[in-house]
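Here the structure comes first, spelled out in structure tokens, and everything after it is commentary.
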Amino acid sequence: MSSIPEPYELAHRFYQSLKAAETISPSQLVSHQREVATTFLEHVDANLPFYRERLAPIRRANGTYDFERWPEIPMLTKKDIIAEAEALRAPVVPEAHGKIVYAQSSASTGVPLRIPNTQLCGMAVACASWRHLENHRVDWSNDLAMIRAQATSPPRYGRQDGANARWGPDWLAPEERGRRHHLSILHNPKFQLKWLAELGPVYVNTLPSNIVRLARAAASASGPLPEIKGFLSVGERVDEAVRHQARTHLKAEITDVLATSECGTLANQSPLSSGYHVLSELAIVEVVGEDGTPVAPGEIGRVVATPLFNLAMPLVRYRFDDYVCLAPQPCSSGHPAPLIDTILGRRAELYTFKDGSFAPLALSFEEMARHLGPCRWQVVQTAKATVEVRYMPCPGETPPAPDGAADYVRAVVAEEIAVTCRPVPALGPGFGGKFPAFRTEVL
């Protein structure tokens, strides 16, 4: 490789440090994380009175921090960010962190959030992404197709080459990097498949629900299918049913991440399993019960995160609606970070059983298609023991058999419930392009 262009020397050094962190011990990784967290907390203490009382449980008299008492810090919620937006924004950030940039949440759980961030934080997240994809043997010379909510989305960090910017590590020569193409996720899946086929061999960055749409369209397509080198998914839960659709109908594997607009990427899928390595180098990620205390590996808990490189709007112990389960054993790859065994998803996408427990529904897309054909559908829990299958009829297609779909959903839930099927005039993704197969109104 040629010498690193000067603007990207820092990114390359940071990337190399992330690669090196994969080979250290878990205790060394914790020590490194606490060093970064100390610098972060010193900035918070110096610039944000909002956190003065909140950080009192871990602040020692000598100015150091007691990380063993970390769970005693009150959790931050989305309501806090909305109500205290100005108080959470740092009046100054170190010059080395670069300009302020903004990230906006998808509003899938309510009011969208606009989070100020820094170029340095964007660089750190980008480097973690490059490490993740390199571990999955991604070939940067292939093009990348981004099918997302907006037709264009300029990167928060990296070269600004216009609509067809090249992707991959910025220090690589242009001829080693494929081009980035953009398409709105609102296009119908048949059009998306045609567009992808015209690009040639390509990686596809899109939402899991759109991967299913593409796969279902490919299952009934008569023309040539695109050559998809792999899906780089983000934004929604990926389960085995989604992976099966991608493998069966598009001959492609899915590489997934756990990420949020507020805190960036928090965990990356292991190259050796379906588990996710927590990005301990960039954030303190906890899995907690409803009282905010850590749950044991194997138990379900909510994600709480503290991104350590966002000094523009520091978020200390920010609680999400995402539920996960930590693995009881470390990853077989030898990676030192904690391993998330299962991502259950957001509470609004988990079925609530009569006893109050909740879990994702393992719906088969083939089975739903057997009863509803190519109709777009969504299963909605409207009450504790009531479910509605909403579907959008397709003119000219074989009429759906909703009774069969109702019987199938009842069998999946495996407890006595009332299931009705209702045709609707329109059914589609919300803001951000998200469209889960199941959602609940019982919260």
Side-chain angles (χ1 to χ4, degrees), residues 103-109 112-113 115 117 121-122 124-136 138 144-158 165 167-168 180-186 192 196 202-215 228-239 241-243 245-246 250 252-271 274-279 282-283 285 303 305 307 320-324 340 342-346 349 360 429-437:
Q104 181 162 307
S105 67
S106 66
S108 57
T109 58
L113 299 177
I115 308 294
N117 218 312
C121 186
V125 172
C127 287
S129 175
W130 295 330
R131 179 185 67 172
H132 162 59
L133 295 177
E134 185 171 280
N135 287 343
H136 284 266
V138 162
L144 172 69
M146 300 186 68
I147 306 178
R148 303 291 291 275
Q150 297 178 342
T152 60
S153 57
R156 295 185 219 167
Y157 166 80
W167 74 301
R180 186 190 292 113
H181 307 269
H182 298 268
L183 185 73
S184 171
I185 202 170
L186 299 181
Q192 292 183 37
L196 290 171
V202 65
Y203 290 95
V204 180
N205 172 239
T206 192
L207 276 64
S209 58
N210 195 53
I211 294 175
V212 173
R213 292 179 68 209
L214 290 169
I228 297 175
K229 305 294 289 184
F231 284 106
L232 315 180
S233 63
V234 68
E236 295 173 320
R237 176 176 175 266
V238 175
D239 60 12
V242 176
R243 295 185 188 278
Q245 291 295 306
L250 292 164
E253 295 293 331
I254 297 174
T255 301
D256 191 39
V257 300
L258 173 63
T260 71
S261 299
E262 301 97 315
C263 294
T265 307
L266 300 176
N268 290 326
Q269 182 187 326
S270 167
S274 58
Y276 294 70
H277 299 148
V278 171
L279 278 174
L282 304 189
V285 179
V303 176
F320 298 95
D321 287 327
D322 295 79
Y323 286 80
V324 304
I340 293 175
T342 307
I343 296 176
L344 286 82
R346 291 182 172 173
E349 296 166 14
F431 183 83
K434 295 183 179 182
F435 186 69

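Note that the numbering runs from 1 along the sequence shown for the chain. Computation of the quantities below employed the complete heavy-atom set of this structure, encompassing side-chain atoms and omitting hydrogens, waters and symmetry-equivalent molecules. This one's a predicted model, so the numbers in the text were calculated from it and none came from an experiment.
Closest approach of Phe320 to Cys263, counting heavy atoms only: CZ-SG, 3.4 Å. When every heavy atom of Ala149 is checked against every heavy atom of Gly433, the shortest pair comes out as CB-N, 4.1 Å. Contact detail for Leu186 and Pro429: the closest heavy-atom pair is CD2-CG, 4.0 Å. When all heavy atoms of Val242 and Pro208 are compared, the pair lying nearest together is CG1-O, 4.0 Å. The two residues Asn268 and Ala128 come nearest to each other via the heavy atoms ND2-O, 3.7 Å.
Here CG of Asn205 is found 11.0 Å from OG1 of Thr255. Values are rounded to the nearest 0.5 Å. Of the inter-residue distances, the one linking His136 atom NE2 with Ile254 atom CD1 reads 12.0 Å to the nearest 0.5 angstrom. The distance from atom CG of Leu207 to atom CD1 of Ile185, rounded to the nearest 0.5 Å, is 4.5 Å. We find the CD1-CG distance between Ile147 and Leu196 to be 4.5 Å, quoted to the nearest 0.5 Å. Separating the CG atom in Leu250 from the CD atom in Gln245 is a distance of 9.0 Å, to the nearest 0.5 Å.
The salt bridge (Lys or Arg N to Asp or Glu O under 4.0 Å) search around Arg237 returns Asp239, not counting sequence neighbours. The side chain to side chain donor-acceptor pair (under 3.5 Å) test applied to Asn210 returns Gln192, Thr206, Arg213, not counting sequence neighbours. By the side chain to side chain donor-acceptor pair (under 3.5 Å) test, Tyr203 pairs with no residue at all, sequence neighbours left out. When the ring pair (Phe, Tyr, Trp, His ring centres under 6.0 Å) test is applied to Phe435, no partner is found at least two apart in sequence or on another chain. Residues satisfying the side-chain contact (heavy atoms from CB on, under 4.5 Å) test with Thr342, not counting sequence neighbours, are Cys325, Leu344. For Glu236, the side chain to side chain donor-acceptor pair (under 3.5 Å) partners are Ser209, not counting sequence neighbours.
Side-chain contact between Leu144 and Leu232 is present, with at least one heavy-atom pair separated by less than 4.5 Å. Using a 4.5 Å cut-off on side-chain heavy atoms (C-beta onward), Leu133 and Trp167 make contact.
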side-chain contact (heavy atoms from CB on, under 4.5 Å) between Leu266 and Tyr276, worked out: CA-CA 9 Å; Leu266 300 176; Tyr276 294 70; over 6 Å; no
List the steps and the verdict of side-chain contact (heavy atoms from CB on, under 4.5 Å) for Glu349 and Lys434. CA-CA 12 Å; Glu349 296 166 14; Lys434 295 183 179 182; 5.7 Å; no
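Checking each of Val257, Val285, Thr265 against Leu279 for a side chain to side chain contact (heavy atoms under 4.5 Å, CB included) leaves exactly one that passes, namely Thr265.
His277 places no side-chain N or O within donor-acceptor distance of the main-chain N or O of His132, the cut-off being under 3.5 Å.
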